[in-house]
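Please read all numbers here as calculations on a predicted model, not as lab measurements. The figures that follow rest on heavy atoms only: side chains count, while hydrogens, waters and symmetry mates do not. Residues take their numbers from the sequence shown, with the count starting at 1.
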Amino acid sequence: MAGQHGLATMIAAAALLIGALASIPTGVDSIGVCYGTQGDGLPSAADVVQLYQSKRIGAMRIYSPDATILQALRGSGIDVIVDETNLDALISNAAAWVQANIQPYKDDVNFRYIAVGNEVEGSDTQKILPAMQSLAGALSAAGFGDIKVSTAVKMSVLSTSSPPSSGAFAEPSVMGPVVRFLAGSGAPLLANVYPYFAYRDAGGSIDLGFSLFKQSSTTVNDNGRVYTNLFDAMVDAVYSAMEKEGESGVPIVVSESGWPSDGGGLGASVDNARTYNQNLINHVSNGTPKMPGPLETYIFAMFNENGKPGDETEKHFGLFNGQDKSPVYPISFS
């Protein structure tokens, strides 16, 4: 997870008209939760899986192919996104990666996607496509071609995003081939979408209600598509960027989204975190103005993680306290 600096300017300039937040259905079939482990005193993986099941959370994202977690997921019925950040290893010997991390669990773990890199930056972006190609080939050769291979991007992957229809990739030479690979393989693009960072980085000049899916004095009218919340505007900007690369049929999976409950950052509070995440759960079965329909979304994160680097707010995105699995605030998944 990283700050989404490209969006601060985008929506600050787009606060235009007066409108009301549309009514929200309550379907939650598309919600998963990210399971990070950078904290002290977190529950065992087996206890975490039981917590997911007790809360009827049907999907999980993990940030490495952790054998203990994968073992705990056996027979759980929980869909899982698995990250692999060592792109060089995938390029050089993806077959060994599949043998070690997929083959042992093939009968009773529901692998949904493999994320080849999370928010890759700099020269390493040149490795994303060859790593994806290598892994997809190795999965297919081993009989696991139904496991889709993607990569997770943050919003700064866009150079332009306001209004959403103007969305364009900052590095089309990197992202164009990636998107075309996804189109050819039937895989989604994974996108980490954080209205919180856009709000924070804009110094609060974005309307808080617009950021929290609440009644707001802000709407954005983009060629007849009306945006009543920041989340939809951000997601549709990524869809527009893919269209500009000639691929309008690639779906987006929101692989991270959340709001901190503490840490001193602007807008970081228990009430705002509860409001954002509950409204997100209630909202995503709608899809977006550009792409109606259920939008698969993963909340970041299951637990507060006191070992996370960066700003203090990074340690306070959890829905639950790790030590006793108590909720940080009330939230409903059903």
Between Ser326 and Asp324, is a side-chain hydrogen bond (donor to acceptor under 3.5 Å, both in side chains) present by the stated rule, with each step listed?
CA-CA 5 Å; Ser326 63; Asp324 60 3; 2.7 Å; yes
With no hydrogens and no angle check, do the side chains of Arg56 and Gln53 hold a donor and an acceptor under 3.5 Å apart?
no
Which value, rounded to the nearest 0.5 Å, describes the distance between Thr37 atom OG1 and Lys308 atom NZ?
9.5 Å
Side chain proximity check, Thr288 to Met291, heavy atoms < 4.5 angstrom
yes
Could you check whether Asn118 and Asn192, counting side-chain N and O atoms only, form a donor-acceptor pair closer than 3.5 Å?
yes
Phe213/Phe231 aromatic ring centres below 6.0 Å
yes
How long is the straight-line distance from CD1 of Ile81 back to CD1 of Ile147, given to the nearest 0.5 Å?
12.5 Å
Would a 4.5 Å heavy-atom cut-off, applied to side chains only, mark Pro260 and Glu314 as touching?
no
Carboxylate-amine/guanidinium proximity below 4.0 Å for Arg200 and Asp311
yes
Least distance between heavy atoms, Ala237 atom then Leu158 atom
CB-CD1, 3.8 Å
Which heavy atom of Leu73 sits nearest a heavy atom of Val109, and at what distance?
C-CG2, 4.2 Å
Group every Ile, Leu, Val, Met, Phe, Trp and Tyr by side-chain heavy-atom contacts under 4.5 Å, then state whether Met302 and Ile299 land in the same group.
yes
Heavy-atom nearest pair, Phe300 first then Cys34, reads CD1-CB, 3.8 Å
Go through the steps for Glu296 and Tyr298 under the test side-chain hydrogen bond (donor to acceptor under 3.5 Å, both in side chains), then give the verdict.
CA-CA 7 Å; Glu296 186 177 348; Tyr298 291 73; 2.7 Å; yes
So CD1 of Ile57 and CG of Leu319: to nearest 0.5 Å the spacing works out to 7.0 Å
Closest non-hydrogen atom pair between Tyr194 and Gly258, with its separation
CE2-N, 3.4 Å
If hydrophobic clusters are built from ILVMFWY residues whose side chains come within less than 4.5 Å, do Val270 and Leu266 share one?
yes
side-chain hydrogen bond (donor to acceptor under 3.5 Å, both in side chains) evaluation trace for Asn277 with Tyr329
CA-CA 10 Å; Asn277 283 322; Tyr329 42 81; 2.8 Å; yes
Test of understanding: clusters of I, L, V, M, F, W, Y form through side-chain heavy atoms closer than 4.5 Å, transitively. Do Ile91 and Leu182 belong to the same one?
no
Regarding Asn279 and Arg274, do their side chains bring together a donor and an acceptor under 3.5 Å, going by distance alone?
no
Side chains of Asn229 and Asp232: donor-acceptor distance under 3.5 Å anywhere?
yes
Measuring from Glu119:CD to Asp83:CG, what's the distance to the nearest 0.5 Å?
10.0 Å
Note: Asp222-Arg225 ion pair, threshold 4.0 Å (strictly below)
no
Is any side-chain heavy atom of Asp207 closer than 4.5 Å to one of Tyr199?
no
Where is the tightest heavy-atom contact between Gly39 and Leu42, given as atom of each residue plus distance?
O-CG, 3.6 Å
When Leu90, Val80, Ile102 are each screened for side chain to side chain contact (heavy atoms under 4.5 Å, CB included) with Ile114, the one that passes is Ile102
Pair Glu256, Arg61 - check salt bridge (Lys or Arg N to Asp or Glu O under 4.0 Å), show working.
CA-CA 9 Å; Glu256 289 183 10; Arg61 182 183 178 189; 3.3 Å; yes
Tyr113, Val238: one ILVMFWY side-chain cluster at the under-4.5 Å cut-off?
no
Under 6.0 Å between ring centres, would you say that holds for Tyr276 and Tyr196?
no
Under a 4.0 Å N-O cut-off, is there an ion pair linking Asp236 with Lys290?
no
Which pair of non-hydrogen atoms, one from Gly122 and one from Thr125, has the smallest distance, and what is that distance?
O-OG1, 2.9 Å
If the plane angle is over 60° it's perpendicular, under 30° parallel, otherwise tilted; pick one for Tyr35 and Phe303.
perpendicular
For Gln278 and Ile281: C-alpha separation, side-chain torsions, deciding distance, then whether side-chain contact (heavy atoms from CB on, under 4.5 Å) applies.
CA-CA 5 Å; Gln278 189 65 69; Ile281 290 169; 4.2 Å; yes
Hey, what do you get for OG (Ser216) to OH (Tyr227), rounding to the nearest 0.5 Å?
15.5 Å
The test is side-chain contact (heavy atoms from CB on, under 4.5 Å); show your working for Val82 and Phe111 and say whether it passes.
CA-CA 8 Å; Val82 179; Phe111 293 99; 3.9 Å; yes
Look at the side-chain heavy atoms of Ile, Leu, Val, Met, Phe, Trp and Tyr, link any pair under 4.5 Å apart, and say whether Leu190 and Ile78 land in one connected group.
no
Point-to-point distance, once rounded to the nearest 0.5 Å, from CD of Glu245 to OG of Ser173
9.0 Å
